[in-house]
Structures are given as C-alpha cells and as structure tokens.
Number of protein chains: 2
Amino acid sequence: MSASTVVNLRSVEPPLRDVDLSNLDFGNCPVRDLISQIGGKWSVLLLETLAKRPYRFGELRRMVPDISQRMLTQTLRDLQRDGYIAREVFPTKPPSVEYRMTDLGYSLYDPLAQLLNWAEANHEAVRAARAKFDQSPD
Amino acid sequence: MSASTVVNLRSVEPPLRDVDLSNLDFGNCPVRDLISQIGGKWSVLLLETLAKRPYRFGELRRMVPDISQRMLTQTLRDLQRDGYIAREVFPTKPPSVEYRMTDLGYSLYDPLAQLLNWAEANHEAVRAARAKFDQSPD
DNA sequence: CAGTATCCGTATAGATACTG
DNA sequence: CAGTATCTATACGGATACTG
C-alpha cells in the first residue's frame, strides 16, 4: 500500500518487503480513498460515459435511466469534488449545465479501463468459481 | 457495460469510443460485479497482502489489525467464492488454515495494481482538488 | 432544466460473546 | 486457532415532492 508497492506476480522466496501496513492510517490511505469513491454504485458508469464526450445533466439522466436524480447529482458532485470531472454552467434560459472529464479524470480512466477490461474478459471465470463454491464450499 | 462493451485502451489521445449503455442490465454487469466486490472496505488490502505470499488467518489478523474477525472471515470467504484466493485447511492440532492467491487472483491483481499505483501517484492532486472544491464549489 | 429537501428501507460493518 | 452468532449503528441508495 506504500508508494513502493511492486507488483510481484511470482511468490518465489519472500522478498518480504512489507506491504507496510504500519502507516495504513485509513482516512489518509489514498487507495481506500479512491476505491471507496469509484466503489459507489454509479461512479464508474458515469466516468465511462463522460470519457466519451461531455454531456448535460438531462442527457446523463436519459443515458443511465436507472439512476435517480438524487444519486446523479450526488455522484457528479463527488466526481467533481475529486477533480475527475468539471462542471460548467451556461447562463441560458432555462439554464443548462455541462459535465466533462478533466485531464486528471482521463489519467484515472486509463488504468481504470484496464481493470474494466479484465472484468469483461474474466467474468465468466468468476461466475464459474462462484457457482462451484456455492455448490460445495471447500 | 454489456458483454459487448469495448473499452478502448488508448492511453494516448482521443479517449474512448462506445460504452454501449443501451443494454446495461445491472445484476449481470461484470464491471459492477467486480467493482462492488473490491469496493468492500478490506478486499483490496487483503488482495495486496496475499499477493505477496500465503498467510494464515491469524497472521492476516495481525497484519491488518483494524479489521474485525467477522469482517476478515467474511471478506476472505467472498474473495474465495469469486476464485481470487484459495483456502487450505491443515489438519494440525490446533487446526491452521492458509490462504493463498490463485492464478485468477494474480491476473486480477495485475490491472488492479496499476490502479493502485495511480492512486498513490495522484492522491495529492485529488486532495488538492477536494480542498479547492470545499473552499469554493464551482 | 437542473437541481434540493425529506423520508425511509436496506446493505454494510463494528463490537461482543461464544465454540469445535 | 479459526472461526459463528447476535445485536446494533451508520452509510448508501431509492421515491417523492418542491424550486430558481
């Protein structure tokens, strides 16, 4: 969890380099901070949508019909607060508001998309594992 | 978010094409499925730990002191159910149980680690954006 | 159009006590 | 040692109604 975290894929002899849980100090842990944000029910979906192009509030509502107005507002505000998306108000009559992804948002979306690809590619394996476990928990 | 979703990996330039929200069918959405699992408070932490080497239950408890016994058990079972980790019981006296990462778990950990690296590298930017927003919400 | 405000049910997680 | 069982607090998310 430290900055020196290395992806060690082969557990040969233990390099035993600590995951450094000593200063995992939640609330300050950037990883949990990120995960808990994108772990929200709608965050990833909105990031995916806005990665394509900017959208207005009402457009987003129509594109993600299952979301309630409340959750759309809240999720957008959270994403904006963290700097992933920007909100621009056009003083039209009636007012319109546009949301667009920021550079920071795009930089997040790059590794995030790789994770999403993994999910797409491997969800069958996961479902299989799950079915097997539910049948006979080892 | 459907099975036909194609996530474009271009790390450079024009971000992304279709997301295909038309038939996003939650409950079957592999992405939400994954995100909601690793979105749990302890999943990522345990995956990181077990990516290093196998650990026994008690060792995990000591390495992640904040976790309750209940949540440790539950999170480990969930991760096992999805096939990310394996559980092996040694009929010693008293019994000992070892948890280790599976191949599927390692394959997940690869893209996941990239996301974690992003979090480490950019959490200052996020914190800054957040502070600015809290001071004067645009 | 793009939000707020309010209410309420459910899911998630912690504390504590007990067990094969 | 490695868990279960129970109870409880809170966070998350949905529905509905109202507004600049």
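Convention: sequence-line order gives letters A, B, ...; per-chain numbering from 1. No experiment lies behind these values; they were computed from the predicted model shown.
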Practice prompt. Pick base, sugar-phosphate or nothing for Q74(B), based on heavy-atom distances below 4.0 Å to the nucleic acid.
Written response: nothing

Fill in: Rounded distance [0.5 Å steps], CG in L112(B) versus OH in Y84(B)
10.0 Å

Worksheet entry | Distance, nearest 0.5 Å, that separates CG of L46(B) from CD1 of I38(B) | 13.0 Å

Counting only side-chain nitrogens and oxygens, does [X] get under 4.0 Å of the OP1 or OP2 atom of [N]?
| X | N | result |
| --- | --- | --- |
| R70(A) | dG13(D) | no |
| Y99(B) | dG3(D) | yes |
| K41(B) | dG14(C) | yes |

Discussion item. What's the closest nucleotide to the side chain of S68(B) if the choices are dG3(D), dG3(C), dG14(C)?
Written reply: dG14(C)

Discussion item. Which nucleotide wins on minimum distance to the side chain of R56(B), given the candidates dC1(D), dT4(C), dG3(D)?
Written reply: dC1(D)

Interatomic distance where [atom1] belongs to [X] and [atom2] belongs to [N] [whole Å]:
| X | N | atom1 | atom2 | result |
| --- | --- | --- | --- | --- |
| Q69(B) | dT16(C) | CD | P | 13 Å |
| R32(B) | dC12(D) | CZ | P | 13 Å |
| M71(B) | dT10(D) | CE | C1' | 14 Å |
| E59(A) | dG3(C) | CD | P | 13 Å |
| F57(A) | dA2(C) | CZ | C1' | 6 Å |
| W42(B) | dA13(C) | CH2 | P | 10 Å |
| L60(A) | dG3(C) | CG | P | 10 Å |

Worksheet item: Salt-bridged, K41(A) to D66(A), with N to O below 4.0 Å?
Response: no

Worksheet item: Are R100(B) and E98(B) close enough for a salt bridge, meaning some N to O gap below 4.0 Å?
Response: yes

Practice prompt. Under the salt bridge (Lys or Arg N to Asp or Glu O under 4.0 Å) rule, what do R77(B) and D82(B) come out as? Steps first, then yes or no, please.
Written response: CA-CA 9 Å; R77(B) 192 160 5 87; D82(B) 283 5; over 6 Å; no

Practice prompt. Could you list by number each residue of residues 79-97 of chain B showing a heavy-atom separation from DNA chain D of less than 4.0 Å, or answer none if no residue does?
Written response: R87(B), P94(B), P95(B), S96(B), V97(B)

Worksheet item: Whom does dC18(C) pair with, Watson-Crick or G-U wobble, provided both distances fall under 3.5 Å?
Response: dG3(D)

